[in-house]
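Worksheet: one structure, shown below.
Chain letters run A, B, ... following the sequence lines, proteins first, then strands; residues in each count from 1.
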Amino acid sequence: MPKRKLLKNEEQMDNEEIEILPEIIESSDDEEDHDNDTENDLTEHGNTSFDENDENDWYYNHKRPDIIPDYNSDTSDEETENTVGNIPLEWYADFDHIGYNVSGNKILKPASKDELDKFVDSMDNPNSWKTVFNELEGKNVVLSKGDLEIMRRIQRNEYPEKDFNPFPNSVEWFSSKLQIHPLSSAPEPKSRFTPSKWEAKKIMKIVRAIRNGWIKSVEEKKEMQKPKQYAIWDDVKDEEKLDKMHIPAPKLKLPGNNESYNPPNEYLPTREEEEQILKDMEEDKLLFVPKKYDSLRRVPGFERFIEDRFDRCLDLYLCPRTIKKKINVDQESLIPKLPDPKDLQPFPYTLSIIYKGHTGKVRSLSVDPNGHWLATGGDDCSVRVWDIATGRSMKEYKFEKNVVNVSWNPSKSLSVLSISVGSQIIILNPGVETDIVNRATNEIFNLESFSESKKLPEAIWRKPTEKEFNLGFRVIIDFKKTQRYVRVYDMMQQKLVKKLMSGVKLISSMDIHPQGDNLIIGSFDKRLCWFDMDLSSKAYRTLRYHQAAIREVKFHKKYPLFGSCGDDGKLNIFHGMVYNDLMHNPLIVPLKSIFVGKTEDGLGCLCFDFHPSQPWVFSSSGDCEVKLFT
Amino acid sequence: MEAGALGTVIRYKYAGSAATNYVNRNQALKKLQLSLAAFRRLCILKGIYPREPKNKKKAGKGSTAPRTYYYKKDIQYLLHEPLVQKYRDYKTYQNKLKKAVLRKEWSVAKSLEANKKPDFRLDHIIKERYPTFIDALRDLDDALSMIFLFSTLPSLDRIVVSKIRECQRLAAEFQAYVANTKSLRKVFVSIKGIYYQAEIRGQEITWIVPHQFTQNVPQTVDFKIMATFLDLYLSLVGFVNFKLYSDENFVYPPKIDIEKDGHGAGLNAFILESTSAQYEILNRVKDHGDVANQKAETKKQSKSSVKQNQKQAMSKLPEKLKLLADQEEEVEELGDDEEELDQSIGIDAVDDDSDDKVDLSAPNLVAAFQSLNQFKNLFKGCYFWLSREVPRHSLEFVLKSFGAEVGWEDNLDDSKSSSPYNVTDSRITHHIVDRPLPPNGVKPSWVVDDRRDYIQPQWVFDCVNAQKLLKTKSYHPGDVLPAHLSPFVKYESGDYVPEDAKRLFGISAVAVSKGIDEGSMEALNDKDEEENGDKSESENEDSSESDDDDDLENEEGSDEELYEEELKAEAAGLTYSEYMQKKDSEKKEDKKDNKRKRIEVAPKGSTVTKKVKKSKKEEMENEEKKELAKMMMPKKDKRLYQQIQFGKDKKAVEVAKLEKKRDAHKKNNKKGKSPVKK
């Protein structure tokens with residue numbers, strides 16, 4: 001069998017020159033041959049055969065070459081002698097060949113004719129008008145009649161094929177016309193006229209399902225459905241309750257007066273408030289601007305209504321819920337119930353005497369153990385001794401430097417005043433006491449005159465003596481304070497007994513309860529700590545009520561009173577009862593808050609002292625005065 | 001494990017309940033194998049919401065990234081939800097249907113739609129989320145607001161029209177119920193819409209209805225979410241309506257008079273039929289006194305004589321219901337079931353809860369019940385005429401809920417009009433108009449009859465909120481209306497109280513017990529004799545305010561002036577009794593001081609006027625004592641105290657601001673008025 005068959009019809013080729021293509025291997029000479037061929041080929045090529053007798057069909061009347069439907073049957077790759085392929089032929093312009101044939105031999109360039117030859121040729125050759133030069137082959141090709149006809153038809157915008165019928169009659173292969181002859185002569189199978197067993201089975205299955213009510217018709221289904229609404233809550237049992245952990249959605253806040261269409265005038269926003277609201281609205285906090293309409297007909301629709309609802313929907317399913325405990329405490333119930341101060345009298349509460357005379361701030365004051373004299377010293381470099389009862393300044397001593405501290409000797413039988421000035425401590429007998437006392441004092445000092453002061457180079461003994469007197473214990477314990485802790489030393493054994501943790505930053509002052517087991521600390525960070533030494537090394541109570549640093553804390557020697565004064569110019573008096581039995585904690589009751597004087601340069605009430613026997617308190621104020629409260 | 005063998009327990013990190021109780025959203029999705037959209041839908045329907053874990057770090061197993069956490073049990077609970085399977089079924093159904101449609105197999109598509117379409121029903125969810133009817137009522141606020149909103153929406157492509165229709169039906173049914181059982185309590189016209197509060201079974205249900213305008217539908221709103229909520233709310237309200245109707249022995253769904261509805265009859269188009277067995281119940285109640293069980297049995301409809309007897313039925317039904325209610329009351333009283341009685345009584349009982357428990361002795365109860373009944377029939381015997389420009393549906397609803405007869409103007413001719421009577425009817429007592437007056441005192445064209453009261457719609461709302469018939473004086477057309485206040489505000493000590501609040505709510509407690517019955521009776525009897533409309537009301541006021549105002553002028557401002565004086569006295573530190581005595585000495589008249597305000601706190605201190613100074617001193621001392629005691633407060637208490645004080649101060653600042661504004665407005669008004677007078 002030929003490998004390729006070509007389009008050209010041999011019949012129409014009238015000239016042998018036309019035979020361009022080399023491999024025309026088989027062609028049919030007449031119709032009959034062709035028919036036979038085609039019939040033979042049918043089985044091989046899998047082509048369907050059509051009845052040739054059908055006169056209508058142009059297709060089969062028309063002679064055309066056989067097409068062998070294999071991959072090379074396309075005309076696009078019509079084979080030529082030259083095998084260079086589809087390349088620009090100029091590339092071979094300089095060579096004497098124009099390409100290669102199948103076997104690889106060069107195809108020589110045809111001898112080029114000059115113009116004269118060409119002209120002579122065109123004159124001589126009757127076919128010259130239909131001769132075309134094939135560049136690839138380097139040959140002249142004479143177009144056949146058929147080719148010319150095709151060209152002509154194309155020029156006229158007609159179908160290239162002469163007999164092409166664009167509207168062929170349709171062939172009714174499967175038509176309504178009854179065919180007499182069966183397509184196949186096989187006898188009809190039995191299944192065609194016997195009912196199917198399997199179908200019957202299937203149907204029976206459905207029938208059974210319907211009978212048993214497994215399958216329902218649409219109407220039945222509709223009837224079966226529960227009504228859209230029915231008594232859903234009628235058979236409620238008590239046990240059915242919501243989940244314990246369920247947090248019901250909070251209800252929307254009910255509208256207030258400002259949402260009214262006609263609110264009272266005061267609810268309407270001012271211009272600034274309105275701007276703020278509009279700003280909030282931009283930030284997508286859904287709000288509204290309160291507005292007033294003088295009648296209902298003027299009220300417009302609310303633009304954000306749907307958004308409002310939508311936001312609520314989002315809140316309902318997107319917002320995390322949690323139960324927050326609301327503070328529901330009566331404010332007053334938080335204030336502790338304390339005994340009435342009136343029942344805890346006596347305590348100082350009113351101003352009775354003002355001791356005027358100092359020109360600078362009073363830094364220190366001290367009451368003599370008998371309770372008759374008051375010594376004060378301060379920034380005006382002077383120390384004064386006052387008669388408490390009359391308020392007269394009995395003595396005045398001038399120094400060169402500021403007086404830091406004044407203190408009486410705690411012994412009632414002596415009248416010794418110590419004054420610390422700068423880096424010195426001066427001890428003197430002011431000589432205001434009775435003669436007996438003066439004499440006794442002088443004897444101790446062994447001095448000729450009382451008015452002269454004796455300067456001591458170092459202050460060694462003052463503190464220990466005082467402490468010794470303060471504590472009437474067999475074991476002498478010294479308290480030493482650092483800035484944060486209080487260390488308790490046993491002086492006899494010379495060792496550390498306790499370290500009290502105050503929890504404050506800067507301790508300013510300290511005092512010990514006359515009974516010895518309790519002590520209070522005032523600090524610059526406004527706190528007052530009460531230590532019960534029997535309880536623990538931490539403060540029993542820490543009170544923070546001063547607005548500024550605490551300057552001094554002190555116990556009363558006789559009454560259950562203690563006080564504190566601070567830079568806020570306040571002197572607070574407390575009732576501090578210590579019980580003898582260990583089961584009772586000390587009772588602390590604030591009694592009176594006295595405003596001593598205004599603060600100057602951030603310094604208020606710098607020092608105060610209790611009267612040794614009376615419930616009186618002396619206090620210095622910011623404005624150079626000393627006041628007595630009784 | 002070795003450690004375990006030695007007796008110590010190994011504790012792994014994040015194995016405790018704080019970590020394992022919560023799952024985040026992604027974990028939940030993974031567990032449920034659902035898409036996010038389906039999960040959200042499920043959450044909406046099932047009412048599952050994220051929780052705020054107590055310890056976020058533990059819940060996040062060490063991560064503090066912002067996440068949404070759900071309760072693990074909630075998610076596990078979703079695993080067994082039948083709806084999840086329904087979703088899957090629906091998906092397969094949709095795929096099949098799509099396939100059939102694309103293949104143009106119409107018959108297959110049809111049969112699929114007929115047979116295989118999954119039926120979404122939310123009954124079981126309603127039952128789960130609201131185990132009892134009361135639970136459902138408690139959660140009705142959002143549902144009603146949503147349904148009323150959707151009933152006013154235009155038909156958009158984003159909303160299915162059938163749903164809007166259903167919303168309209170349910171909303172109308174609910175309104176019809178509220179109007180017929182007279183359970184409306186409060187109305188408030190806000191700039192957002194109209195708030196209504198009804199009381200059903202002791203539950204306060206508040207909903208908002210937008211003003212009658214076409215809604216602005218924003219693009220930002222996701223209607224899929226709204227639709228899911230709507231699905232839930234539709235079935236919830238459906239069931240609630242069914243229960244409400246069947247408990248009142250009405251047939252559900254109520255029939256609608258199509259002809260009337262076509263003419264826009266509103267509430268009148270609803271025909272509430274009682275179930276046929278109602279009369280039997282009445283008899284049985286008399287015999288056995290066991291109501292509750294038999295109520296449920298009676299749900300058969302009576303089909304006879306619907307349209308002819310409709311009007312009669314409408315008028316008689318409330319009476320019958322009341323009769324029935326009374327019967328029930330008796331029965332319950334016999335059973336000594338005070339709590340239920342409490343519930344049925346309504347407002348007062350609810351108010352009592354918030355205040356100290358008032359002892360529910362029999363006379364108190366009876367009085368409360370009577371006053372409630374009077375309030376329910378506030379407008380009874382009044383005939384209202386609504387002109388065209390007033391919001392008819394809202395007013396009709398409110399008026400009918402308080403026993404009024406309502407007629408309205410519509411654009412149809414009289415024969416077709418749905419209104420029960422026309423403008424010229426002589427029975428009309430109140431004509432509601434919202435039009436400007438013509439200039440120069442020309443008689444306006446809409447004045448038909450001089451005998452009736454012409455009022456603006458706000459009067460109706462204010463009357464309802466004040467629970468009494470107010471004077472119509474400043475509510476006439478063209479008048480400057482008094483402020484419309486919110487009835488939902490509860491004034492506590494320290495709150496700002498607007499001036500009108502006193503007029504509306506301040507003496508309402510007295511008014512309810514004394515004034516209204518007389519007032520309504522008068523309104524009933526003297527309807528035709530009313531000459532200027534004010535008279536009966538003003539008399540009514542007088543009687544309500546005991547003898548106080550006898551000497552004062554009978555003007556409107558008198559109350560307010562009195563109140564202001566009292567406020568001033570209070571600010572000056574006088575106790576109420578002292579103030580009264582001072583006044584006594586001034587006027588030398590005896591007065592009863594039974595008009596004590598809710599807001600005022602009147603301590604019983606020293607009573608002699610001369611002792612004022614001493615009491616001041618005492619106060620100072622007390623103050624000092626308090627200050628001293630504060631010193632001894634522990635840090636924790638001190639902080640709490642300061643927090644509370646902070647809140648109080650903030651409130652006080654707000655109040656001061658409002659007062660300042662009020663005074664400024666007053667000044668302005670005086671300035672504005674005085675030149676006019678000159």
### Task
Would you please say whether a donor-acceptor pair under 3.5 Å links the side chains of Y245(B) and E173(B)?
no

### Message
side chain to side chain contact (heavy atoms under 4.5 Å, CB included), that's the test. Do I48(B) and L42(B) meet it? Break it down for me.
### Response
CA-CA 8 Å; I48(B) 283 166; L42(B) 206 59; over 6 Å; no

### Summary
Scored by heavy-atom pairs under 4.5 Å with chain B, the best of L316(A), I247(A), V329(A) is I247(A)

### Residue Y641(B) versus chain A: region with a heavy atom under 4.5 Å
both

### Message
Let's test your reading of the structure: which of N572(A), V299(A), I232(A), I335(A) forms the most heavy-atom pairs below 4.5 Å with chain B?
### Response
I232(A)

### Task
May I ask you to decide whether D308(A) forms a salt bridge with R312(A), counting only side-chain N to carboxylate O separations under 4.0 Å?
no

### Message
Donor-acceptor check, side chain of S260(A) to backbone of H484(B), threshold 3.5 angstrom: yes or no?
### Response
yes

### Message
Please report the interatomic distance CG(L543(A)) to NZ(K635(B)), rounded to the nearest 0.5 Å.
### Response
12.5 Å

### Query
Hey, which of I208(B), T206(B), D139(B) has the most heavy atom pairs under 4.5 Å with chain A?
I208(B)

### Query
Does any heavy atom of chain A fall under 4.5 Å from the side chain of F461(B), the backbone, both, or neither of them?
side chain

### Residue from F39(B), Y49(B), Y22(B) passing ring-ring contact (aromatic ring centres under 6.0 Å, His included) with Y70(B)
F39(B)

### Message
For P263(A), which atoms come within 4.5 Å of any heavy atom of chain B: side chain, backbone, both, or neither?
### Response
backbone

### Message
With chain A as the partner, which of D434(B), D637(B), L628(B), T220(B) has the greatest number of non-hydrogen pairs under 4.5 Å?
### Response
D434(B)

### Summary
Cut-off 4.5 Å, heavy atoms of chain A, and the answer for P487(B) is neither

### Message
Please classify the contact between F188(B) and chain A as side chain, backbone, both or neither, with a heavy-atom cut-off of under 4.5 Å.
### Response
side chain

### Message
Only pairs of heavy atoms separated by less than 4.5 Å count here; which of R121(B), Q215(B), K638(B) has the most with chain A?
### Response
R121(B)

### Query
So what's closer than 4.5 Å to chain A heavy atoms on D141(B): side chain, backbone, both or neither?
side chain

### Query
Measuring heavy-atom distances to chain A, does E659(B) have an atom under 4.5 Å in its side chain, in its backbone, in both, or in neither?
neither

#### Entry: Region of K592(A) that comes under 4.5 Å of a non-hydrogen atom in chain B
both

### Under 4.5 Å from a heavy atom of chain A, the part of K657(B) involved
side chain

#### Entry: Part of I225(B) lying under 4.5 Å from any heavy atom of chain A
side chain

### Query
In terms of side-chain heavy atoms, does S486(B) have a donor or acceptor partner in N257(A) at a distance below 3.5 Å?
no

### Task
Determine the option with the most heavy-atom pairs under 4.5 angstrom with chain A, choosing from S145(B), S235(B), A114(B).
S145(B)

### Message
Can you tell me which portion of P269(A) sits under 4.5 Å from chain B's heavy atoms? Options are side chain, backbone, both or neither.
### Response
backbone

### Query
What part of Y195(B) lies closer than 4.5 angstrom to a heavy atom of chain A: side chain, backbone, both or neither?
side chain

### Message
For K221(A), which atoms come within 4.5 Å of any heavy atom of chain B: side chain, backbone, both, or neither?
### Response
side chain

### Query
Are any of the side-chain nitrogens in E273(A) or K661(B) under 4.0 Å away from the carboxylate oxygens of its partner?
yes

### Message
If only side-chain N and O atoms count, and only distance matters, is there a donor-acceptor pair under 3.5 Å linking N241(B) with Q229(A)?
### Response
no

#### Entry: Option that, when pairs with chain A are counted at under 4.5 Å, heavy atom only, ranks first among V390(B), D142(B), V480(B), D119(B)
D142(B)

### Task
Pick one of side chain, backbone, both or neither for T270(A), based on which atoms fall under 4.5 Å of a heavy atom in chain B.
both

### Query
Considering only heavy atoms, which portion of K648(B) lies under 4.5 Å from any heavy atom of chain A: side chain, backbone, both, or neither?
side chain

### Message
How about NZ on K291(A), more than 12 heavy atoms from neighbouring residues, nucleotides or ligands closer than 6.0 Å, or not?
### Response
no

### Query
Do you know which of E389(B), Q645(B), M146(B), Q456(B) has the most heavy-atom pairs under 4.5 Å to chain A?
Q645(B)

### Message
Run the side chain to side chain contact (heavy atoms under 4.5 Å, CB included) test on Y77(B) and Y71(B) for me, step by step, so that the C-alpha distance in whole Å, both residues' side-chain angles and the decisive distance to 0.1 Å come before the verdict.
### Response
CA-CA 10 Å; Y77(B) 176 60; Y71(B) 256 150; over 6 Å; no

### Message
Please evaluate residues Y230(A) and F239(B) with respect to the criterion ring pair (Phe, Tyr, Trp, His ring centres under 6.0 Å), reporting the C-alpha separation (whole Å), side-chain torsions for both, the decisive distance (0.1 Å), and the verdict.
### Response
CA-CA 7 Å; Y230(A) 54 93; F239(B) 281 113; 5.2 Å; yes

### Query
Taking the six-membered ring for Trp, are Y293(A) and Y261(A) ring centroids under 6.0 Å apart?
no

#### Entry: Contact origin within L591(A) toward chain B - heavy atom pairs under 4.5 Å
backbone

## Note on the structure
So, the part of H211(B) with a heavy atom under 4.5 Å from chain A: the answer is side chain

### Query
Would a 4.5 Å heavy-atom cut-off, applied to side chains only, mark P210(B) and F302(A) as touching?
no

### Message
So for Q212(B), is it side chain, backbone, both, or neither that comes closer than 4.5 Å to the heavy atoms of chain A?
### Response
neither

### Query
Is it the backbone or the side chain of R541(A) that comes under 4.5 Å from a heavy atom of chain B, or both, or neither?
side chain

### Message
Can you confirm whether more than 12 heavy atoms, excluding those of K54(B), are under 6.0 Å from its NZ atom?
### Response
no

## Note on the structure
Cut-off 4.5 Å, heavy atoms of chain B, and the answer for L334(A) is both

### Query
Are K251(A) and E204(B) close enough, and set up right, to give a side chain to side chain contact (heavy atoms under 4.5 Å, CB included), and what steps lead you there?
CA-CA 11 Å; K251(A) 288 195 171 188; E204(B) 282 177 348; 5.7 Å; no

### Task
Before giving the answer on side chain to side chain contact (heavy atoms under 4.5 Å, CB included), spell out for N21(B) and R51(B) the whole-Å C-alpha distance, their side-chain angles and the decisive distance to 0.1 Å.
CA-CA 11 Å; N21(B) 267 351; R51(B) 312 272 183 149; over 6 Å; no

### Query
Is chain A contacted by the side chain of V433(B), its backbone, both, or neither, given a heavy-atom distance below 4.5 Å?
neither

